[in-house]
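Letters A, B, ... are given to chains in the order of the sequence lines, protein chains preceding strands, and every chain is numbered from 1. We use all heavy atoms of the structure for the numbers below, so side chains are in, but hydrogens, waters and symmetry mates are not.
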There are 2 protein chains.
Amino acid sequence: MNAKKIPDIIIGRLPVYLRALQHMADAGLKTTSSQELGEHVGISAAQIRKDISQFGEFGKQGTGYSIEFLINKLREILKVDQSWDVIVIGAGDLGHALAHYQGFKNRGFRVAGIFDNDKNKIGQTIGDFVIEDIATLNDRVKAQNIKIAIMTVPAAAAQEVADKLVQAGIKSILNYAPVNVNVPSNVKIQYSDPATNLQRMTYYL
Amino acid sequence: MNAKKIPDIIIGRLPVYLRALQHMADAGLKTTSSQELGEHVGISAAQIRKDISQFGEFGKQGTGYSIEFLINKLREILKVDQSWDVIVIGAGDLGHALAHYQGFKNRGFRVAGIFDNDKNKIGQTIGDFVIEDIATLNDRVKAQNIKIAIMTVPAAAAQEVADKLVQAGIKSILNYAPVNVNVPSNVKIQYSDPATNLQRMTYYL
DNA sequence: TAGATTGTTAATCGATTAACAATC
DNA sequence: TAGATTGTTAATCGATTAACAATC
C-alpha cells in the first residue's frame, strides 16, 4: 500500500519543476516557495504543493523549499540522479543534431551511439560517433543494457524500427517521426514531431 | 454564441488525428470510423467522436467518416489549409536540422529564414539559406507578416530572443531551449526540450 | 431490412483550486 | 511573537466514458 499510483500528468510536470529549480540554483538562490516556483513555470502554487507532496514532505512551513534538497529529491524520483545511455536511430540532420546535443549530459543522459540502415552512412564519422549498422542494434542494446532510444527515422520506417527497439529491450522511446507507433504497454513513448507541434498552435492564429 | 470555447486539450489532439488520417489516405483508404481511428492513435472512439463533433457533424451513421472530407475539415479548423512562413532562431545543429526539415512542406509550413547573433555564422550558407543577423529579425517579421518562430537558442538567450519575437509580432513559438519563457497571453508557446522529454519517461524505468 | 456507427446526454472519473490548520 | 508558507481536505471544475436514440 506504499506504492500509490502517481498520475502521469504529475510525473510530466516534475521535469519542468526540476529545470526551473536548477535554473534558480545556478542563479545562486537557496530557497524558494510554491508561489515563486509557480510563477517561473506558469503553474498554480497549490498545484505545485500538491504535486510535490505526493512524494513526501519536502518543504517547511514559513520558509518554503530548499532548492538543493528539492533538486536532489526530484532527480531521485525521476531516476535522473544517474546517467542513462541513449541511442539515436536515424542519422539524418535531426539525428546528427541530437547525437551532438550538449544539453543531455547534465540532465542524466549520454548518447551511446547512432544507428542507420543506409550503407552509405554506416561507418561514417559524425563528431565522436561512427554511424553504426542498425543490424547490430539488438546486440548493442542487450550488451550495454540500454533502455532509452531516440527515433529520428522516416515515418515509413518508424513502426519497424520501434519493433526492433522493443525486441532489443528498449523501454523508453522519444519519437521524432511524424507517425503514431504501437508499442507494448510496458514501453513508454513520447512524441515530438516538429510539424505536429506547430499545428497545435496555428488554430489560435 | 457561436464561438464556444474549445478546450486546448482537444485542439492538441486534432493534429494527431490529422496525421493519422493523412496516413490512411496515403494508404488508399476512403472512409474510417471513430473506432478505427481510435485504434491508430490510441484514443477511445467516444472521445474521438466527441472531439470531432465540437466542430460540426462530419460523419454519417452507419458508415463513419470520409477520410478526405475529414482531412479537409481538420486542415481548415487548424488553419493549415495554407502555408505559414516560419523562422528559425539559432543556427546551431538543431536549428540547421529544423531549417532543412522536409516534413514541414506538406503540413502547412515553409521555413522562411534562419537567424543567429554570432558574427561568424551570419552570412554563411546552409542549404538554401543564408544565416541572417538577428538584428534584422524585427524588420523581416514585420515586412513578411510572419507569425511563427522556432527557437533553438541557448537557454541563457531564450527569454531575450522570445521578447524580440513577441515585439516583432510573432504569435506562436516552438521552443527547443531548455528553459521556461514568459510571453504575453496572446502568444502561444510549445516546449520541446529534448532532455525534458526524456526525463518524462525515466520515472517508469 | 439489419447492421453499423454517429452525435449527444448523463454518469463517472480525475484534476485543479480554494481554504485553512499546523507549524516553522 | 507575527508573518509566511506548507501539506492536506473539501469543493469545484473539467475531461472522459458509457450508453443509446437517431439514422445511414
> Without placing hydrogens or testing angles, list every side-chain donor-acceptor pair under 3.5 Å for residues 54-72 of chain A, not counting sequence neighbours.
{"from": "A/Gln54", "atom 1": "NE2", "to": "A/Lys50", "atom 2": "O", "distance (Å)": "3.0"}
{"from": "A/Ser66", "atom 1": "OG", "to": "A/Phe69", "atom 2": "N", "distance (Å)": "3.1"}
{"from": "A/Asn72", "atom 1": "ND2", "to": "A/Glu68", "atom 2": "O", "distance (Å)": "3.4"}

> Under the ring pair (Phe, Tyr, Trp, His ring centres under 6.0 Å) test, which residues partner A/Tyr191, sequence neighbours left out?
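Testing A/Tyr191 for ring pair (Phe, Tyr, Trp, His ring centres under 6.0 Å), a comparison that skips the adjacent residues, returns none.
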> Watson-Crick or G-U wobble partner for D/dG14, using a 3.5 Å limit on both distances?
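The base-pairing partner of D/dG14, which may sit in any strand shown, is C/dC13.
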> Considering heavy-atom distances to DNA chain C, does A/Ala46 or B/Ser53 have its closest nucleotide positioned more toward the 5' end?
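It is B/Ser53 whose nearest nucleotide is closer to the 5' end.
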> Could you check which nucleotide pairs with C/dT23 in any of the strands shown, counting Watson-Crick or G-U wobble with both distances under 3.5 Å?
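Pair assignment: C/dT23 / D/dA4.
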> Could you tell me if the side chain of A/Glu132 sits less than 4.5 Å from the side chain of A/Ile122, heavy atoms only?
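No, side chains not in contact.
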> Both A/Thr63 and A/Lys50 contact DNA chain D. Which one's nearest nucleotide lies toward the 5' end?
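Mapping each residue to its closest nucleotide by heavy atoms, the 5'-most match is A/Thr63.
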> Carefully, step by step, assess A/Asp93 and B/His100 under the rule side chain to side chain donor-acceptor pair (under 3.5 Å).
CA-CA 8 Å; A/Asp93 283 335; B/His100 289 151; 3.2 Å; yes
> Start at the 5' end of DNA chain C and walk down; is the nucleotide closest to A/Gln61 or to A/Ile10 reached first?
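Counting from the 5' end, the first nearest nucleotide belongs to A/Ile10.
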> For A/Asn186, does the CG atom sit with more than 12 other heavy atoms under 6.0 Å from it, leaving out its own atoms?
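Yes, enclosed.
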> Once you round to the nearest 0.5 Å, how far does CD1 of B/Ile114 lie from CZ of B/Phe129?
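So the CD1 of B/Ile114 and the CZ of B/Phe129 are separated by 7.5 Å.
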> Which nucleotide of DNA chain C is the first, and which the last, in the 5' to 3' direction, to come under 4.0 Å of a heavy atom belonging to chain B?
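Listing 5' to 3', DNA chain C meets chain B from C/dA4 to C/dT9.
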